[in-house]
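As structure tokens, the structure follows; a few thoughts come after it.
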Amino acid sequence: MDAEGKVSTGRKREIDILKGILTITMILCHSIQFFGVEKDPVQGLLVNVINLTTFSGFVFCFGYVGEMAYFQKSWQTAAKKMGKNVLRILIAFYLSGIAYVALVEGKIFRMDFIREVLFLQKYPGWSEFLVSFSAMLLIGIVCFPVFKRMNGKILILCALISGGFCFLPYERITNSWLALLVGSRHFVTFPVLQYSIFFAAGVWFCKNKIRWKWQLLVLCICLGIPCFYSYAQTGYLPERFPVSLWYLFGGCLFAYLYYVLACFLEKVRGRIGKKVIGCFERIGAQSLFYLLFSNLMIFALDCSSFSFRSVGYGYTYFIVILLVTGYFIHILPVVHFKS
């Protein structure tokens with residue numbers, strides 16, 4: 001790494017490490033929300049930080065990998081590969097969403113319930129992030145020429161557009177597909193146009209081979225000040241569903257720090273914690289399977305007689321999920337789940 005905070009090679013391993021960190025923290029958050037105690041100061045803080053950061057961080061990773069895998073190629077070649085990933089993630093949403101409807105909501109098998117999920121008329125809880133991942137890749141296909149030419153000016157324009165969409169009259173948006181794109185008070189979604197700034201940032205970081213820059217740290221801190229001030233004053237984060245401007249940019253600081261941490265772990269993997277860092281990398285490479293399988297395990301336990309809440313139980317089931325999911329991947333080596 002040179003004095004400008006750039007790297008000479010654009011490797012993907014640090015992004016897999018970052019995805020591994022994000023995957024683990026998301027599973028921890030879900031475990032606490034279902035089986036932990038969010039009123040506990042530590043678990044409540046963990047949930048807030050993870051919620052603020054994780055989706056934005058994943059979208060950043062999509063943009064970063066997209067620059068390496070897609071935006072350096074022709075539109076025809078990239079669109080085919082991106083289209084396959086769109087379908088792959090969409091299927092994961094269907095599986096998770098239908099499982100939520102059946103197990104958590106306890107609805108009997110009826111085609112109208114299934115149809116609502118299949119045609120995106122309903123976004124089941126703890127599954128909506130998956131369909132937003134899928135839609136974000138569609139945005140990448142549609143706006144391919146923009147992302148291919150990504151530079152500082154385009155990045156600033158994307159930030160202005162994303163921020164501007166936070167001021168839409170959300171209560172007037174009643175179409176479920178439009179809610180997926182721009183948000184709504186009638187549907188719980190992660191609106192892809194608002195969060196697309198993180199996708200654009202990932203493309204820009206990769207294109208310019210950026211890791212650590214103190215100027216970016218200061219910028220992220222400044223962007224997050226309104227969010228942190230709101231939390232300090234009220235004990236609550238700014239509005240998340242639908243996303244507010246302060247919430248959107250509140251995740252910048254932690255997302256950047258996670259990225260810097262992942263780059264640092266990749267740099268020192270040969271000297272300290274090689275096995276631990278490798279574990280993060282493996283989980284990141286299999287992130288879609290971990291997220292889907294963990295949801296299925298959580299939903300199944302939630303509707304069973306083994307479901308109860310305690311601080312320790314939330315942490316325990318989180319560890320069980322990681323061990324069981326890792327075991328399934330170990331005994332199914334012929335199946336490729338890489339994200």
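Only a predicted model underlies this, so the values are computations on that prediction, with no experimental measurement involved.
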Q: Give the minimum heavy-atom separation between Ile50 and Thr54, together with the two atoms involved.
A: O-OG1, 2.7 Å
Q.
We want to know whether Tyr247 and Arg240 form a side-chain donor-acceptor pair, criterion being a heavy-atom distance below 3.5 angstrom.
A. yes
Q.
Would you compute the distance between atom CG of Leu219 and atom CZ of Phe249 and round it to the nearest 0.5 angstrom?
A. 9.5 Å
Q | Side-chain heavy-atom pair Phe241, Phe187 within 4.5 angstrom cut-off | A | no
Q) Counting distance only, does the side-chain N/O of Gln194 pair as donor-acceptor with the main-chain N or O of Phe165 below 3.5 Å? A) yes
(Q) Quiz question: by atom type and distance under 3.5 Å, do the side chains of Glu239 and Trp246 form a donor-acceptor pair? (A) no
Q: Would you kindly confirm whether Val37 and Tyr236 end up in one hydrophobic cluster when ILVMFWY residues are joined by side chain heavy atoms under 4.5 Å apart?
A: no
Q. Would you say the side chains of Ser307 and Ser304 form a donor-acceptor pair under 3.5 Å?
A. no
Q.
A quick test of your reading: do over 12 heavy atoms of other residues, nucleotides or ligands sit less than 6.0 Å from NZ of Lys148?
A. yes
Q. Sequence neighbours excluded, which residues qualify as salt bridge (charged side-chain N to carboxylate O under 4.0 Å, His left out) partners of Glu128?
A. none
(Q) For Phe129 together with Phe133, are the ring centres under 6.0 Å from each other? (A) yes
Q: Answer with yes or no after comparing the ring centroid distance for Phe198 and Phe62 against a 6.0 Å cut-off, counting only values under it.
A: no
Q) Between Tyr170 and Val182, what is the shortest heavy-atom contact and its length? A) CE2-O, 3.0 Å
Q | Parallel, tilted or perpendicular: rings of Phe55 and Tyr195 (30°, 60°) | A | perpendicular
(Q) What I want to check is whether the side chains of Asn85 and Tyr70 have a donor and an acceptor closer together than 3.5 Å. (A) yes
Q) Can you name the closest pair of heavy atoms from Leu296 and Ala99 and give their distance? A) CD2-CB, 3.5 Å
Q) For Leu193, does its backbone N or O pair with a side-chain atom of Ser196 as donor and acceptor, under 3.5 Å? A) yes
Q: Identify the heavy atoms of Pro124 and Val101 that sit nearest to each other, and give their distance.
A: CG-CG2, 4.0 Å
(Q) Is the distance between the ring centroids of Phe328 and Phe293 under 6.0 Å? (A) yes
Q. Under the salt bridge (Lys or Arg N to Asp or Glu O under 4.0 Å) criterion, do Lys267 and Glu14 qualify, and how do the steps go?
A. CA-CA 9 Å; Lys267 183 179 179 180; Glu14 59 267 22; over 6 Å; no
Q: Name the orientation class of the two ring planes belonging to Phe60 and Tyr259 (parallel below 30°, tilted from 30 to 60°, perpendicular beyond 60°).
A: perpendicular
Q) Taking Ser96 for the side chain and Ala92 for the main chain, is one N or O donor matched with an acceptor at less than 3.5 Å? A) no
Q. About how many Å separate CG of Leu248 and CD1 of Ile197, when rounded to the nearest 0.5 Å?
A. 8.0 Å
Q. Sequence neighbours excluded, which residues qualify as side-chain hydrogen bond (donor to acceptor under 3.5 Å, both in side chains) partners of Arg269?
A. Glu266, Glu281
Q. Using 30° and 60° as the class limits, which term best fits the ring planes of Phe71 and Phe199: parallel, tilted or perpendicular?
A. perpendicular
Q | Under 3.5 Å: donor-acceptor pair, side chain of Arg88, backbone of Lys84 | A | no
Q. Would you say the side chain of Ser287 lies within less than 4.5 Å of the side chain of Leu22, judging by non-hydrogen atoms?
A. no
Q: Start with the C-alpha gap between Trp212 and Phe264, add the side-chain angles, then the distance that decides, and say whether ring pair (Phe, Tyr, Trp, His ring centres under 6.0 Å) holds.
A: CA-CA 9 Å; Trp212 165 258; Phe264 172 75; over 10 Å; no
Q. Would the Phe34 and Trp126 ring centres measure less than 6.0 Å apart?
A. yes
Q.
Can you confirm whether more than 12 heavy atoms, excluding those of Phe308, are under 6.0 Å from its CZ atom?
A. yes
**Q.** From CA spacing to verdict: side-chain contact (heavy atoms from CB on, under 4.5 Å), Ser31, Ile321
**A.** CA-CA 9 Å; Ser31 299; Ile321 289 173; 3.7 Å; yes
(Q) Testing Tyr123, Phe93, Tyr100 one by one against Val117 for a side-chain contact (heavy atoms from CB on, under 4.5 Å), which residue passes? (A) Phe93
Q | Donor-acceptor under 3.5 Å (His30 side chain, Ile298 main chain) | A | no
